[in-house]
Amino acid sequence: ETILKEKTWDIVVTQNNPNSAYYKTGFYDFDNVISYIRNKQPNAEIIWFTTWALRTYNKYFGQFDTEAEMFEAIVNCVQSEVIPNEEIHSAAPVGTAIMNAKSSYLVAGDAASGDSLYRDGTHLSYDVGYYIAALSWYCHITGQNPYDVEDTFSDIIPSDIMDVALESVDNAIRNPYEITQSIYTG
């Protein structure tokens with residue numbers, strides 16, 4: 001509440017808990033939350049943060065057989081519960097970019113080893129995971145093509161991994177509700 005009252009914001013971001021983002025019942029209070037935001041920030045664009053599927057080894061993975069199946073449930077909730085709300089300006093495809101990157105060599109199957117995108121099966125890694133999420137946000141908000149964003153991270157992220165990051169974000173911006181297979185698979 002304090003942050004919403006503190007100043008006038010151009011954009012307010014909201015999201016669901018990743019552990020319930022795939023259940024329609026997880027949106028039971030959604031309209032009240034949006035009304036609350038709108039009351040405090042009447043001119044702000046409200047953008048939904050579309051999350052990614054948890055790794056299968058995460059204790060909250062639940063009833064799904066695959067991460068793609070969980071992500072499909074997340075997308076279905078976004079399309080049925082979020083997008084129809086006229087107060088929502090857009091849904092940032094951050095989760096889609098992460099799922100796209102999961103189709104590359106960066107994630108070795110569903111094993112915890114070899115996973116460059118996560119720290120623990122839920123939270124993104126501090127380097128490439130965070131970079132893909134941040135680039136997704138930047139391109140979604142500004143409309144800039146990820147391939148045109150100035151490279152200031154080449155000292156942190158190797159060029160072969162940067163190729164995956166750029167491809168993942170570009171495909172997410174183009175197809176925000178579907179996983180696009182990476183060309184970088186091996």
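The figures that follow rest on heavy atoms only: side chains count, while hydrogens, waters and symmetry mates do not.
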Please check this pair: side chain of [X] against backbone of [Y], looking for a donor-acceptor N/O pair closer than 3.5 Å.
X: Arg119; Y: His123; value: no
X: Arg38; Y: Val33; value: no
X: Asp170; Y: Leu166; value: no
X: Thr50; Y: Val94; value: no

Between [atom1] of [X] and [atom2] of [Y], what distance do you get to the nearest 0.5 Å?
X: Phe49; Y: Thr14; atom1: CZ; atom2: OG1; answer: 11.0 Å
X: Ile74; Y: Glu69; atom1: CD1; atom2: CD; answer: 11.5 Å
X: Ile37; Y: Lys40; atom1: CD1; atom2: NZ; answer: 11.5 Å
X: Ile3; Y: Trp9; atom1: CD1; atom2: CH2; answer: 7.0 Å
X: Ser125; Y: Leu117; atom1: OG; atom2: CG; answer: 6.0 Å
X: Asp65; Y: Met70; atom1: CG; atom2: CE; answer: 11.0 Å

Are more than 12 heavy atoms, taken from residues, nucleotides or ligands other than [X], located less than 6.0 Å from that residue's [atom1] atom?
X: Glu86; atom1: CD; answer: no
X: Asp10; atom1: CG; answer: no
X: Arg174; atom1: CZ; answer: no

Might you point out which heavy atoms bring [X] and [Y] nearest each other, and give the distance in Å?
X: Leu106; Y: Ala101; result: CB-O, 4.3 Å
X: Ala53; Y: Glu67; result: CB-O, 3.3 Å
X: Ser136; Y: Ala97; result: OG-CB, 3.1 Å
X: Tyr177; Y: Ile83; result: OH-CD1, 3.3 Å
X: Ile88; Y: Ile34; result: CD1-CD1, 3.7 Å
X: Thr180; Y: Asn175; result: OG1-ND2, 3.8 Å

Task: Distance-only donor-acceptor check, side chains Gln144 and Tyr138, under 3.5 Å - done: yes

Open item on the list: Whether the Thr96 and Glu178 side chains hold a donor-acceptor pair (N or O, under 3.5 Å, no angle test) is what I'd like checked.
Closed with: no

TODO: Please determine which of Ser104, Ser182, Ser103 meets the side-chain hydrogen bond (donor to acceptor under 3.5 Å, both in side chains) test together with Glu167.
DONE: Ser182

Open item on the list: For a side chain to side chain contact (heavy atoms under 4.5 Å, CB included) check, start with the C-alpha distance between Tyr131 and Ile161, then their side-chain angles and the critical distance, and finish with the verdict.
Closed with: CA-CA 11 Å; Tyr131 181 76; Ile161 295 175; over 6 Å; no

- [ ] Would you check, one step at a time, whether the test side chain to side chain contact (heavy atoms under 4.5 Å, CB included) holds for Leu124 with Trp52?
- [x] CA-CA 10 Å; Leu124 297 176; Trp52 48 88; 3.5 Å; yes

Less than 4.5 Å apart, side chain to side chain, heavy atoms only: is that true for [X] and [Y]?
X: Ile11; Y: Glu45; answer: yes
X: Ser90; Y: His140; answer: yes
X: Asn32; Y: Tyr36; answer: no
X: Asn16; Y: Phe30; answer: no
X: Ile47; Y: Val12; answer: no

- [ ] Decide yes or no on side chain to side chain contact (heavy atoms under 4.5 Å, CB included) for Phe71 and Thr51, but give the supporting numbers first.
- [x] CA-CA 8 Å; Phe71 185 67; Thr51 193; over 6 Å; no

Task: Full working for side-chain hydrogen bond (donor to acceptor under 3.5 Å, both in side chains) between Gln41 and Thr8 - done: CA-CA 7 Å; Gln41 293 291 327; Thr8 301; 5.0 Å; no

TODO: Determine, step by step, whether Lys102 and Tyr118 satisfy the side chain to side chain contact (heavy atoms under 4.5 Å, CB included) criterion, reporting the C-alpha distance in whole Å, the side-chain angles of both residues, the deciding distance to 0.1 Å, and the verdict.
DONE: CA-CA 10 Å; Lys102 284 183 181 188; Tyr118 293 91; 2.6 Å; yes

